[in-house]
Number of protein chains: 2
Amino acid sequence: MSSRSRSARRVVGITEVARHAGVSPGTVSNVLNRPERVAEATRLRVEAAIAELDYVRNSSGSSLRSGRSASVGLLVLDVTNPFFTEVARGVEDEAAESGLAVVLLNSAEARERQQRNVRLLAEQRAAGAVVMPVDDDLSDLVWLSRQGTSWVALDRGDVAEDVGCSVSVDNHAGGMAAGRHLVGLGHEQVTFLTGPFAIEQVRRRHEGLRAAFEEAGMDPDAAVRVVELPLLNPAQGERAVDKILAGGPRQRPQAVFCANDQLALGVMKGLGRRGLRVPDDMSVVGYDNVDLADLVHPGLTTVAQPKYALGRAAMRLLDSELNEAEHVHERVLFTPELVVRGSTAVYRP
Amino acid sequence: MSSRSRSARRVVGITEVARHAGVSPGTVSNVLNRPERVAEATRLRVEAAIAELDYVRNSSGSSLRSGRSASVGLLVLDVTNPFFTEVARGVEDEAAESGLAVVLLNSAEARERQQRNVRLLAEQRAAGAVVMPVDDDLSDLVWLSRQGTSWVALDRGDVAEDVGCSVSVDNHAGGMAAGRHLVGLGHEQVTFLTGPFAIEQVRRRHEGLRAAFEEAGMDPDAAVRVVELPLLNPAQGERAVDKILAGGPRQRPQAVFCANDQLALGVMKGLGRRGLRVPDDMSVVGYDNVDLADLVHPGLTTVAQPKYALGRAAMRLLDSELNEAEHVHERVLFTPELVVRGSTAVYRP
DNA sequence: CACCCCGATTGAAACGTGTCAATAACTTTC
DNA sequence: GAAAGTTATTGACACGTTTCAATCGGGGTG
């Protein structure tokens, strides 16, 4: 005997419920969607039938009919990155309140996977999407809106307003906050450790950092050195320590500003392995304020992004775009905040 | 002028493609689903029409017709937990190879949300699901299979084989590995810091830990003390340090075994804040081997779970269940591995 | 009592796809 | 060149839902 019992009872549809309650399918549909239009007595009868037959609505039917499904996609760059998972929580909570289902899709930082996911959303006739694009090329998304699925870009402030909505954090301000903090501590030689400059966010952080030095009357070209890495993960950060220290103790920077906490944590580990102490021998600043920034020792000074709020705002924006008849694209900008912990200290030559 | 251009061109269907290519809709369907049945020439003609009209299939139509959708759900306990996100990667990669779309749903450790998500899967007529259940009560899942959606339980080895498939890691062996390690280092007083014992996994780890002491000829009741917490997160771990140290230096345990890395990292922080050094004053062992276990200082000794492999195996199992005509539920068990880092050391009274 | 009105319900049509039996076109064989 | 066989294509229908114009029934009004 097989252990599957699925075919025992065929899944029931709206018509069977209707027959069972002695009404027409249309009435059942009304009970489900606009209960106020149906008389108390019949409503109760239908609800009883629904319960008795254990009817569960078939969303394929609905969305076939309406042309749209009631779910929104959330395209994240990387499911394993804590930054994105916090954002996901925000999106989910807000969506739940609007009665929308969230399907989380992972682009794994790969353009080709993003494209596949966008296509999937189009095939499912998703109502909308919250997207963190893998790079500056938004043509996939433009195509998506032509297919009738609206979207909101997340963490990408440079989206033109005639293309789509966006919610992001002021990266220039973030870089500047970090820079001012380091300048205030007396640092004069800083390395900016970053991912590819093709990513707009890190470019802006870099500019902000330089602006802080300029503001203090220092020459940013002399003060800020850049080390560019292909990926923003801890292993890369650890390996990059060699490059940071290259040139011997003479030219060693006094502080490292990392484009991301993962990178910063890797750097801290790499420094420790080489016998350098943080912050005595070198200060380290991260970006994002992931949970673990507070767990390492010393705690990581970092630029905090309002991750959860970011997610909520994006979803709220999307929701209003879905409901407004005439929508004008909007741009929402959050301001990040520096969180000072133990990984930065006054520079003592 | 509105900035939305969506209604510019109605989304095209299979019939319009057919007309454009001068064939019947059925032929277009064949081109999409069984291209070998259609003659080369017509196939090319249809493909040209598809490209020209930028046709994208409507999955609502397909799944309405077939009764099942081509996507599988992945129900995780907590999107923010690195353990689950690694598993998610495994599931996604395997699913991509089988041509299945993965929708990731978050139960947020809440029974009520799990229920909502299960219902959502039923409404979408999902082909299957990989589920990490919130607790021992699997009635939601039994209901789900009655609705025709098969599932594989993840990380829950006690699922009866007549109920469903499961893929899990041997928690008893994991607890035992940690225990043997601590015994070997000479520890005689260990605290097991854990989440609710209602969770089967942590019960088994506890048993394994005790078994290791028993094996060494020691009395587990005397050697192992249990501190139970409501949740398994870093903040809880940090706060629990008070309980661990309660009773003064005399009765202080020599080591702490945590049911989870997050907890262990919190404990390490809490200990550091109280001026206790790891591993000199106390050894700490975690469970999971998340990325960050290797980034803190000292590195966290922990029981590694094959997270990615776990996800892949679960998805593979689900896929075979979906394709086999006669399926017999299966149970797959992985063995965890102890990773020794700097957080544990020989006990020196 | 005829009329109208109004709320509640119905019936039919449509959404886009997949299936399958039936047909058409074409090839081979004698 | 006709019959038999093979391959390619068609046409119609079903899936479950929603919508909307049409209908029904009952109560109030003139």
Side-chain angles (χ1 to χ4, degrees), chain A residues 7 9-47 49-50 53-71 122-127 147-149, chain B residues 7 9-47 49-50 53-71 99 122-127 147-148:
Chain A
S7 43
R9 188 183 33 131
R10 216 188 75 270
V11 175
V12 310
I14 216 175
T15 40
E16 193 164 338
V17 172
R19 203 179 323 142
H20 199 266
V23 296
S24 83
T27 303
V28 178
S29 174
N30 280 333
V31 170
L32 294 170
N33 304 312
R34 302 108 103 190
E36 72 282 1
R37 292 205 192 168
V38 50
E40 175 87 359
T42 32
R43 211 198 60 218
L44 291 173
R45 204 146 32 94
V46 171
E47 280 167 352
I50 287 176
L53 297 177
D54 199 7
Y55 161 79
V56 1
R57 123 206 257 122
N58 184 337
S59 53
S60 309
S62 320
S63 37
L64 175 58
R65 169 68 223 227
S66 69
R68 286 285 122 199
S69 90
S71 51
E123 291 186 354
Q124 301 193 342
R125 303 292 190 264
Q147 298 297 324
T149 297
Chain B
S7 43
R9 187 185 32 133
R10 216 190 74 273
V11 175
V12 311
I14 216 176
T15 39
E16 193 165 337
V17 173
R19 202 180 324 139
H20 199 265
V23 296
S24 81
T27 302
V28 178
S29 174
N30 280 334
V31 170
L32 294 171
N33 304 312
R34 303 107 105 191
E36 72 282 0
R37 292 206 190 167
V38 50
E40 176 86 358
T42 31
R43 209 197 62 217
L44 292 173
R45 203 145 34 94
V46 170
E47 280 167 352
I50 286 176
L53 297 178
D54 198 9
Y55 161 79
V56 1
R57 129 209 250 118
N58 184 335
S59 53
S60 309
S62 318
S63 37
L64 175 58
R65 170 66 225 228
S66 67
R68 286 287 122 200
S69 91
S71 51
E123 290 185 355
Q124 300 193 342
R125 303 293 190 263
Q147 297 297 325

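Throughout, protein chains are lettered first and strands after them, A, B, ... in sequence-line order, and every chain is numbered starting at 1.
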Taking only residues two or more places apart in sequence, or in another chain, which ones meet [X] in a side chain to side chain donor-acceptor pair (under 3.5 Å)?
{"X": "A/R65", "answer": "none"}
{"X": "B/R68", "answer": "B/T149"}
{"X": "A/S60", "answer": "A/N58, B/S63"}
{"X": "B/S29", "answer": "B/N33"}

Quiz item: Think B/S62 has a side-chain N or O under 4.0 angstrom from the OP1 or OP2 of C/dT17?
Solution: no
Exercise. Please state whether the base of D/dT18 and the side chain of A/R65 form at least one donor-acceptor pair under 3.5 Å?
Key: yes
Exercise. Could you grab the distance from atom CD of A/E123 to atom OG of B/S62, nearest 0.5 Å is fine?
Key: 8.0 Å
Quiz item: Can you tell me how far CG of B/L64 sits from OG of A/S59, rounded to the nearest 0.5 angstrom?
Solution: 10.0 Å
Indicate the atoms forming the closest heavy-atom contact of [X] with [Y], along with that distance.
{"X": "A/A127", "Y": "A/S69", "answer": "CB-O, 3.4 Å"}
{"X": "A/Y55", "Y": "A/I14", "answer": "CE1-N, 3.7 Å"}
{"X": "A/V12", "Y": "A/L53", "answer": "CG2-O, 4.0 Å"}

Self-check item: DNA chain D: 5'-proximal contact among B/A41 and B/R125 (nearest heavy atom)
Solution: B/A41
Quiz prompt | Pairwise 5' ranking along DNA chain D for B/V23 and A/S66, keeping only the more 5' one | solution = B/V23
Short heteroatom pairs, N/O only, protein and nucleotides 21-23 of chain C, under 3.5 Å:
none

Quiz item: salt bridge (Lys or Arg N to Asp or Glu O under 4.0 Å) with B/R43: which residues, sequence neighbours excluded?
Solution: B/E40, B/E47
Exercise. Assign A/T42 to base, sugar-phosphate, or nothing according to its heavy-atom contacts below 4.0 angstrom with the strands shown.
Key: sugar-phosphate
Self-check item: Residues in contact with DNA chain C, drawn from residues 25-40 of chain B - heavy-atom cutoff 4.0 Å
Solution: B/G26, B/S29, B/N33, B/R34
Quiz item: Of the nucleotides C/dC15, C/dG11, D/dT10, which one has an atom closest to the side chain of A/S24?
Solution: C/dG11
Quiz item: Is a side-chain N or O of B/R125 found less than 3.5 angstrom from the main chain of B/A122, in a donor-acceptor match?
Solution: yes
Quiz item: When the C1' atoms of the five terminal pairs at each end define the local axes, what inter-axis angle does the helix from C/dC1-D/dG30 to C/dC30-D/dG1 show, to 10 degrees?
Solution: 50°
Quiz prompt | Protein-nucleotide distance (A/L64, atom CG; C/dA14, atom C1'), rounded to Å | solution = 9 Å
Polar pairs (N or O, both sides) under 3.5 Å between protein and nucleotides 22-24 of chain D?
none

Quiz item: Taking only residues two or more places apart in sequence or in another chain, which ones pass side chain to side chain contact (heavy atoms under 4.5 Å, CB included) with A/T42?
Solution: A/V23, A/V38, A/A39, A/R45
